[in-house]
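The structure under discussion appears below in the form of structure tokens.
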Amino acid sequence: HAVSPQATDPAINVALDQHLVFLPTRGARNGRLFLFLASSRVPPAVSQIFEREAAMVGYHVIALSYPNTPGLASFCPAASNPNACYDQVRRQIITGSPQTTFVSVNAANSVDNRLEKALAYLDAQYPEEGWSQFLDDEGGIKWKKIAVGGHSQGAGHAAMIAKLRFVDRVVLLSGVTDGVSNTGASWVTPGETPADRIYALSHLRDAQFSPYYLANWQSLGLFDFGSAVAPEASFPPFDGVHTFVTDLLPATGNYTAPAPHASTGVDFAVRLDGQGNPVLRPVWRYMLGYCPTPNEISLTPSCG
């Protein structure tokens, strides 16, 4: 489905690109929702290859339209307190609670409200599809049944949601990008969701990979499960690691920015094989909680 944010709540009045919604593959339903948040200044439609993979391994999927313009890197590094800027801006975009003057996101336009209203709308329009299982008796979000993920700015929001709430799983594509003085951001610390539920993927030639991603992954405790693996040179279960760094040539045919940064999950740069399948499919599925069999015939329970 493609869903207008205003159809779910007339009070939503900015970031009006359509939410994209995907149903899980029959026979593979896992009883979980995957919330995907795109990167800065782009609609949910730019990452459909990855979003569809999440549905293929059993998730109900909502790729949420949310206030993602401009990118945080356009103003937080120059702020008098960059660490506070990153922290407060992300909290306000997610919850709508007033935190800072850098953004003007109110409660109606927040990620929380958009997701809650999208679920209520989908349940009303398509009651047979099972959206009600992700809402409690008061209409609130059942975060423990939700996996969160995103690309770039969206990855940072996913990490912040995991800091604030206990969620089922976290998938970070090219993130967390926040950094101050060649280190990660101070807000990136363990929170309600433990590190054993968090996975991250970056490209070696992404300019933000070192030092920002590395520092933030370290702060989240992801290296407690082993050093980062090149997914194209290995296969699930990847020795149980939680961090991945690829050096695959992007679909653009070159390593010119922003292709490496985008190649982890944005359609124009995602590398496909000769059959049109994403080369990163095995690591994507592993991070999402499933492992493909060697011949890709069927889906098997999580090996991560």
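Values in this document were obtained by computation on a predicted structure and should not be read as measured data.
When the options Val229, Thr243, Leu280 are evaluated for a side chain to side chain contact (heavy atoms under 4.5 Å, CB included) with Leu201, the one that passes is Leu280. Put simply, the residue from Phe34, Tyr126, Phe134, Phe22 that forms a ring pair (Phe, Tyr, Trp, His ring centres under 6.0 Å) with His60 is Phe134. Of the residues listed (Phe244, Phe50, Phe36), the one engaging Trp284 in a ring pair (Phe, Tyr, Trp, His ring centres under 6.0 Å) is Phe50, and it is the only one.
In the model, His1 has a side-chain atom that pairs as donor or acceptor with a side-chain atom of Glu129 under 3.5 Å. When only modelled atom types and interatomic distance are considered, Ser152 and His261 share a side-chain donor-acceptor pair under 3.5 Å. A side-chain donor-acceptor contact under 3.5 Å links Thr264 and Ser174. No side-chain donor-acceptor contact under 3.5 Å links Ser39 and Gln153. A donor and an acceptor atom, one from each side chain of Asp17 and Ser65, are nowhere located under 3.5 Å apart.
Atom-to-atom distance recorded for Phe75:CZ and Phe102:CZ is 7.0 Å, nearest 0.5 angstrom. Separation of atoms NE2 (His242) and CE (Met287) is listed at 11.5 Å; rounding is to 0.5 Å. Interatomic distance, CH2 of Trp217 versus CG of Leu172, reported as 8.5 Å (0.5 Å rounding). To the nearest 0.5 angstrom, Ser263 atom OG is 7.5 Å from Leu248 atom CG. Annotation: the span from Tyr213 atom OH to Thr177 atom OG1 amounts to 6.0 Å, rounded to 0.5 Å.
Using modelled atom types, no side-chain atom of Arg285 and backbone atom of Glu53 make a donor-acceptor pair closer than 3.5 Å. Listed for the Asp87 side chain is no donor-acceptor partner under 3.5 Å among the backbone atoms of Trp187. Asp112 places no side-chain N or O within donor-acceptor distance of the main-chain N or O of Gly96, the cut-off being under 3.5 Å. Of the possible donor and acceptor atoms, none in the side chain of Tyr199 sits under 3.5 Å from a partner among the backbone N and O of Tyr286. A donor-acceptor pair under 3.5 Å links the side-chain atoms of His203 to the main chain of Arg205, judged by distance alone. No donor-acceptor pair closer than 3.5 Å links the side chain of Arg197 to the backbone N or O of Val170. A donor-acceptor contact shorter than 3.5 Å links the side chain of Thr8 to the backbone of Pro5. The main-chain N or O of Asp178 is found under 3.5 Å from a side-chain atom of Asn216 such that the two form a donor-acceptor pair. No donor-acceptor pair under 3.5 Å is formed between the side chain of Asn68 and the backbone N or O of Ser40. Between the side chain of Ser74 and the main chain of Pro70, no donor-acceptor pair closer than 3.5 Å is present.
Leu119 places a side-chain heavy atom less than 4.5 Å from the side chain of Leu33. Between Gln88 and Gln92, the closest side-chain pair of non-hydrogen atoms is not below 4.5 Å. Residues Ser202 and Tyr212 form no side-chain contact, since every pair of their non-hydrogen atoms from C-beta on lies 4.5 Å or further apart. For the pair Val46 and Asp267, the minimum side-chain heavy-atom distance is 4.5 Å or more. Put simply, the side chain of Val241 does not reach to within 4.5 Å of the side chain of Phe223, judged on heavy atoms. Considering only heavy atoms from C-beta on, Ile94 comes within 4.5 Å of Arg165 through its side chain. With contacts defined as side-chain heavy-atom distances shorter than 4.5 Å, the pair Ile161/Leu164 does not qualify.
Taken together through direct or relayed side-chain contacts under 4.5 Å among Ile, Leu, Val, Met, Phe, Trp and Tyr, Tyr66 and Leu122 form part of one hydrophobic cluster.
Within a 6.0 Å radius of CG in Asp239, other residues, nucleotides and ligands contribute 12 heavy atoms or fewer.
Salt bridge status for Lys144 with Asp168: absent, with no side-chain N to carboxylate O gap under 4.0 Å. Ion pairing between Glu192 and Lys163 fails under the 4.0 Å rule for side-chain N and carboxylate O.
Contact detail for Tyr59 and Ala147: the closest heavy-atom pair is CE2-CB, 3.8 Å. Here the shortest heavy-atom pairing between Gln133 and Lys142 reads O-CD, 3.3 Å.
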